[in-house]
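Taking it in order: structure first as structure tokens, then the write-up.
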Amino acid sequence: MSEPISALNHAGYDGIVKVEECGLQGMITLRGDLSDKLLVKAVKDATGQKVPSQRESLVNGDTGVCWMSTDELLVLVPYAEVEAKLAAMANALSGTHALAVNVSDARAVFRISGASAREVVGKLAPVDLSVDAFQPGQIRRSRLAQVAGAFWMDDAETFRVVCFRSAADYVFKLLKVAAQPSSEVGFY
């Protein structure tokens with residue numbers, strides 16, 4: 001049996017920021033009533049986190065949970081644990097109107113880090129990324145040029161971007177162009 005590999009096998013680029021593909025990340029799409037007590041407990045058991053409120057991300061390293069819509073969460077767990085966490089979640093949600101699906105191999109994750117990280121992401125997404133409008137602990141689903149994506153900040157100078165695996169090469173190239181040396185705009 002072949003070993004799983006990430007979309008771009010840890011590709012990286014250094015420009016005005018560091019762009020790197022993060023590698024394998026366990027991801028579970030969880031849909032259901034976000035106030036349901038069984039769902040809340042399943043999220044807590046899988047991640048140690050509460051159910052996030054609207055546009056909130058509660059992520060620490062490769063574990064956490066992100067609000068995606070009024071009935072959808074993105075649950076992050078270590079890649080090696082995703083099947084066990086999914087089985088536990090499905091068991092906990094048995095009899096509840098909910099859906100939990102492993103989407104780990106259908107997504108790619110990038111880290112954008114450095115003082116100009118807001119500028120790089122801001123060149124690609126129609127989102128107000130000013131310090132007053134977007135902070136660590138928040139998430140946005142948006143466009144990255146021509147493809148869908150989501151992003152959050154781990155800290156004041158680090159973004160994580162999630163996109164479909166099929167668009168990973170495109171997104172990596174977009175991020176590289178947006179991070180070219182001497183491409184600072186000075187907006188943020």
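Excluded from the calculations below are hydrogen atoms, water molecules and symmetry mates; all remaining heavy atoms, backbone and side chain alike, are included.
Remark: side-chain polar atoms of E56 are not paired, donor with acceptor, to backbone N or O of Q138 under 3.5 angstrom. Counting only distance, with no hydrogens or angles, the side chain of K85 and the backbone of A46 share a donor-acceptor pair below 3.5 Å. At least one donor-acceptor pair under 3.5 Å links the side chain of W67 to the backbone N or O of S69. Side-chain atoms of K123 come within 3.5 Å of backbone atoms of A178 as a donor-acceptor pair (strictly under, hydrogens ignored).
The shortest heavy-atom contact between A98 and L93 is CB-CD1, 4.1 Å. In terms of heavy atoms, T47 sits closest to G64 at CG2-O, 3.3 Å. Here the closest non-hydrogen pair linking C163 and A148 is CB-O, 4.0 Å. Heavy atoms only, all atoms of each residue included: A125 and L144 are closest at CB-CD2, 4.3 Å.
Counting heavy atoms from C-beta on, the side chains of L34 and L73 come closer than 4.5 Å. Inter-residue side-chain proximity for D169 and V171 is flagged as unmet; no heavy-atom pair is nearer than 4.5 Å. Using a 4.5 Å heavy-atom cutoff, the side chains of L39 and T96 are not in contact. Here the side chains of R107 and M27 are in contact, with some heavy-atom distance below 4.5 Å. Counting heavy atoms from C-beta outward, V75 and M89 have side chains that approach closer than 4.5 Å. Looking at L76 and V65, their side chains never come closer than 4.5 Å, going by heavy atoms from C-beta outward. Inter-residue side-chain proximity for R160 and F110 is flagged as unmet; no heavy-atom pair is nearer than 4.5 Å. The side-chain heavy atoms of V103 and I28, taken from C-beta on, include no pair separated by under 4.5 Å.
F159 contributes atom CZ, which lies 5.5 Å from atom CZ of R118 (distance to the nearest 0.5 angstrom). Atom CG of residue L175 and atom CD1 of residue I112 lie 4.5 Å apart, to the nearest 0.5 angstrom. The CD atom of Q54 lies 13.0 Å from the CE atom of M68; values are rounded to the nearest 0.5 Å. Going from atom CG of L38 over to atom NE2 of H97 covers 14.0 Å, rounded to the nearest 0.5 Å. Remark: S104 OG to Q25 CD distance equals 7.5 Å, nearest 0.5 Å. Here L99 contributes atom CG and T29 contributes atom OG1; the two are 8.0 Å apart, rounded to the nearest 0.5 Å.
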Q: Please report the C-alpha distance between V43 and L30 in whole Å, then the side-chain angles of each, then the deciding distance to 0.1 Å, and finally whether the side-chain contact (heavy atoms from CB on, under 4.5 Å) criterion is met.
A: CA-CA 9 Å; V43 168; L30 177 60; 3.6 Å; yes
Q: Evaluate the side-chain hydrogen bond (donor to acceptor under 3.5 Å, both in side chains) criterion for residues S94 and N91: first the C-alpha distance (whole Å), next the side-chain angles of each, then the deciding distance (0.1 Å), finally the verdict.
A: CA-CA 5 Å; S94 177; N91 186 50; 5.7 Å; no
Q | Pair F164-V147, side-chain contact (heavy atoms from CB on, under 4.5 Å): steps then yes or no | A | CA-CA 9 Å; F164 289 110; V147 297; over 6 Å; no
Q.
Could you go through V127 and F151, starting from their C-alpha distance and side-chain angles, then the distance that decides it, and tell me whether this counts as side-chain contact (heavy atoms from CB on, under 4.5 Å)?
A. CA-CA 11 Å; V127 175; F151 52 85; 3.9 Å; yes
Q | E157 and D155: CA distance, side-chain angles, deciding distance, side-chain contact (heavy atoms from CB on, under 4.5 Å) verdict | A | CA-CA 6 Å; E157 293 187 350; D155 58 50; 4.1 Å; yes
Q: Any chance you could lay out the side-chain hydrogen bond (donor to acceptor under 3.5 Å, both in side chains) test for S116 and E184, step after step, and finish with the verdict?
A: CA-CA 7 Å; S116 297; E184 295 91 342; 4.8 Å; no
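When hydrophobic clusters are built by joining Ile, Leu, Val, Met, Phe, Trp and Tyr residues whose side-chain heavy atoms come closer than 4.5 Å, directly or via intermediates, V185 is grouped together with V19. By the criterion of side-chain heavy atoms lying less than 4.5 angstrom apart, applied directly or through intervening Ile, Leu, Val, Met, Phe, Trp or Tyr residues, V101 is not grouped with V51; the two fall into different hydrophobic clusters. Cluster annotation: L174 and F172 are assigned to the same hydrophobic cluster (Ile/Leu/Val/Met/Phe/Trp/Tyr, side-chain heavy-atom contacts under 4.5 Å, transitive). In terms of hydrophobic clustering, with Ile, Leu, Val, Met, Phe, Trp and Tyr side chains grouped at heavy-atom distances under 4.5 Å, Y170 and V162 are assigned to different clusters. Linking Ile, Leu, Val, Met, Phe, Trp and Tyr whenever their side-chain heavy atoms come within less than 4.5 Å puts V17 and M153 in one cluster.
Between the side chains of N9 and E21, no donor-acceptor pair of N or O atoms lies under 3.5 Å. N60 and T63 form no side-chain donor-acceptor contact under 3.5 Å, judged by distance and modelled atom types alone.
Heavy-atom neighbours of K41 NZ from other residues, nucleotides or ligands within 6.0 Å: at or below the threshold of 12. Around atom CD of Q146, no more than 12 heavy atoms belonging to other residues, nucleotides or ligands sit under 6.0 Å away.
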Name the atoms and distances for all side-chain donor-acceptor pairs under 3.5 Å in residues 129-136, with sequence neighbours left out.
unit_1: S130; atom_1: OG; unit_2: D128; atom_2: OD1; d: 2.9
unit_1: S130; atom_1: OG; unit_2: A133; atom_2: N; d: 3.4
unit_1: Q135; atom_1: NE2; unit_2: V131; atom_2: O; d: 2.4

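The side chain to side chain contact (heavy atoms under 4.5 Å, CB included) test with P52 is passed by exactly one of L58, L74, V59: L58.
E72 meets the salt bridge (Lys or Arg N to Asp or Glu O under 4.0 Å) test with R31, R141; sequence neighbours excluded.
Among residues at least two apart or in separate chains, side chain to side chain donor-acceptor pair (under 3.5 Å) pairs with a member in residues 10-20 are Y13-Q180.
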